[in-house]
Number of protein chains: 2
Amino acid sequence: MFSQTVEYALRAVVHLADRSPSPRTTEQIAAATKVPRPYLSKVLQGLSRAGLVKSQRGIGGGITLAKSPETLTILEVVEAVEPLGRIKTCPLGLSAHGVNLCPLHKRLDNALAMVEDAFRATTLAEILAEPTTSVPLCAFPGGMRPAS
Amino acid sequence: MFSQTVEYALRAVVHLADRSPSPRTTEQIAAATKVPRPYLSKVLQGLSRAGLVKSQRGIGGGITLAKSPETLTILEVVEAVEPLGRIKTCPLGLSAHGVNLCPLHKRLDNALAMVEDAFRATTLAEILAEPTTSVPLCAFPGGMRPAS
DNA sequence: AATAAAATGGATCTTGACATCCATTTTGAG
DNA sequence: CTCAAAATGGATGTCAAGATCCATTTTATT
């Protein structure tokens, strides 16, 4: 249901938040998040155009978050790379009266709204702050940090 | 976020429920739901293999629901054509300990769970029963019925 | 038995998501 | 100034989703 690109973007941003405000190279992010390097490059370009990250060329450069982890929500990331697509008008194009959806699409949009709300309420800082509940947790983003 | 195929499948099933238990031809369903005829055919084949609808060849044949609208949920339809894809293990494949997701994926899966719950709680009968709240509603599935 | 209505299965086409590669540009460090 | 590190942009490749078409099979009606 969530595209691969969204997954990649979120991983990258979580990693950036984890190391914030240090710049990280595409290479480093790719290694830490297991995202294919060349494709990650494109995904980061998208995030850059959306203004969520800033990029710096040359030695010592890399990618940094454009906002603090406390204010950056995962909704912003999702919307930047692939909008949720809230349903605003009847997809059948019949008597398209904006506000009034048929019962079916009202339900579908309602589901999207729930997701949107949940994502809007979750900041990156929150994700990083989450106490690593149980022992053998996913090695990313908590747990031990691979060298630099 | 929801694929086109899911959208088509839901439209078709709502229409079938609306006319339940009469059989409807692919042609009729396509016309009523504005879904491209040939593609709808494939979608219905999927629903048929999943056991949600029954098909009858020949004159007087067509497609009918395999369950009553009261017991058929939109979750069943969605799962039949394109599973939600709940996240069960860390997508990074690291220390894959089933139950324990990292905070990021816990959030993502939680969103999926909300959608799943909402969809499981909604039957087709419920969608059809919904009082047509406001005047110019989407002409489908409520409103006037185009001739048989 | 013949016919017409209907679904089925297979082949094909198009498009966008995912992915890779490379030449170019920017930029800090020596 | 030169060099190497890094992002950028463009071109390309692959594959599945979305979509179409047609020959075949099933089946009710006459």
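Residue numbers begin at 1 in each chain, while the letters A, B, ... track the order of the sequences.
Comparing A:Ser3 and A:Gly60 along DNA chain C, the residue whose closest nucleotide (by nearest heavy atom) sits nearer the 5' end is A:Ser3.
For residues 42-58 of chain A, proximity to DNA chain C is found at A:Lys42, A:Gln56, A:Arg57, A:Gly58, defined as any non-hydrogen atom under 4.0 angstrom from a strand atom.
Atom CD in B:Gln28 sits roughly 7 Å away from atom P in C:dA6 (whole-Å rounding). With rounding to whole Å, B:Ile29 atom CD1 is found 15 Å from C:dA5 atom C1'. Atom-to-atom, CD1 of B:Ile59 to P of C:dA2 comes out at 16 Å; the value is rounded to the nearest Å. The OH atom of A:Tyr8 sits 15 Å away from the P atom of C:dA17 (whole-angstrom rounding).
Here the closest heavy-atom approach between residue B:Ala9 and residue B:Val81 is recorded as CB-CG1, 3.8 Å. Taking every heavy atom of both residues into account, B:Ile87 and B:Leu101 meet most closely at O-CD1, 3.5 Å.
Heavy atoms of B:Thr5 sit under 4.0 angstrom from primed sugar atoms or phosphate atoms, though from no base atom. The residue B:Pro36 sits close only to the backbone: its heavy atoms come under 4.0 Å of sugar-phosphate atoms, none of a base.
Interface limits on DNA chain D: the 5'-most and 3'-most nucleotides within less than 4.0 Å of chain B heavy atoms are D:dG18 to D:dA28.
Residue pairs meeting the ring pair (Phe, Tyr, Trp, His ring centres under 6.0 Å) criterion with at least one member in residues 25-47 of chain B, sequence neighbours excluded: B:Tyr8-B:Tyr39. Contacts classified as salt bridge (Lys or Arg N to Asp or Glu O under 4.0 Å) and involving residues 66-75 of chain B (residues at least two apart or in different chains) are given here: B:Lys67-B:Glu76. Sorted by first and then second residue, the salt bridge (Lys or Arg N to Asp or Glu O under 4.0 Å) pairs with a member in residues 110-126 of chain A read A:Arg86-A:Glu116, A:Glu116-A:Arg120, A:Asp117-A:Arg120, A:Glu126-B:Arg107; sequence neighbours excluded.
Every side chain to side chain contact (heavy atoms under 4.5 Å, CB included) that A:Glu7 has, sequence neighbours left out, goes to A:Arg11, B:Pro91, B:His105, B:Leu108. For A:Glu27, the side chain to side chain contact (heavy atoms under 4.5 Å, CB included) criterion is met by A:Thr25, A:Arg37, not counting sequence neighbours. Applying the salt bridge (Lys or Arg N to Asp or Glu O under 4.0 Å) test to B:Glu82 and every residue at least two apart in sequence or in another chain returns nothing.
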Hey, can you pull the donor-acceptor pairs under 3.5 Å for the side chains in residues 41-64 of chain A, sequence neighbours left out?
| residue | atom | partner | partner atom | Å |
| --- | --- | --- | --- | --- |
| A:Gln45 | OE1 | A:Arg49 | NH2 | 3.4 |

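Applying the 4.5 Å side-chain rule to ILVMFWY residues, one finds A:Met114 in the same cluster as B:Met114.
An angle of 0°, rounded to 10°, separates the two end axes of the helix from C:dA1-D:dT30 to C:dG30-D:dC1, each defined over five pairs.
Judged purely by atom type and a 3.5 angstrom limit, A:Ser20 has no side-chain atom pairing as donor or acceptor with the backbone of A:Leu16.
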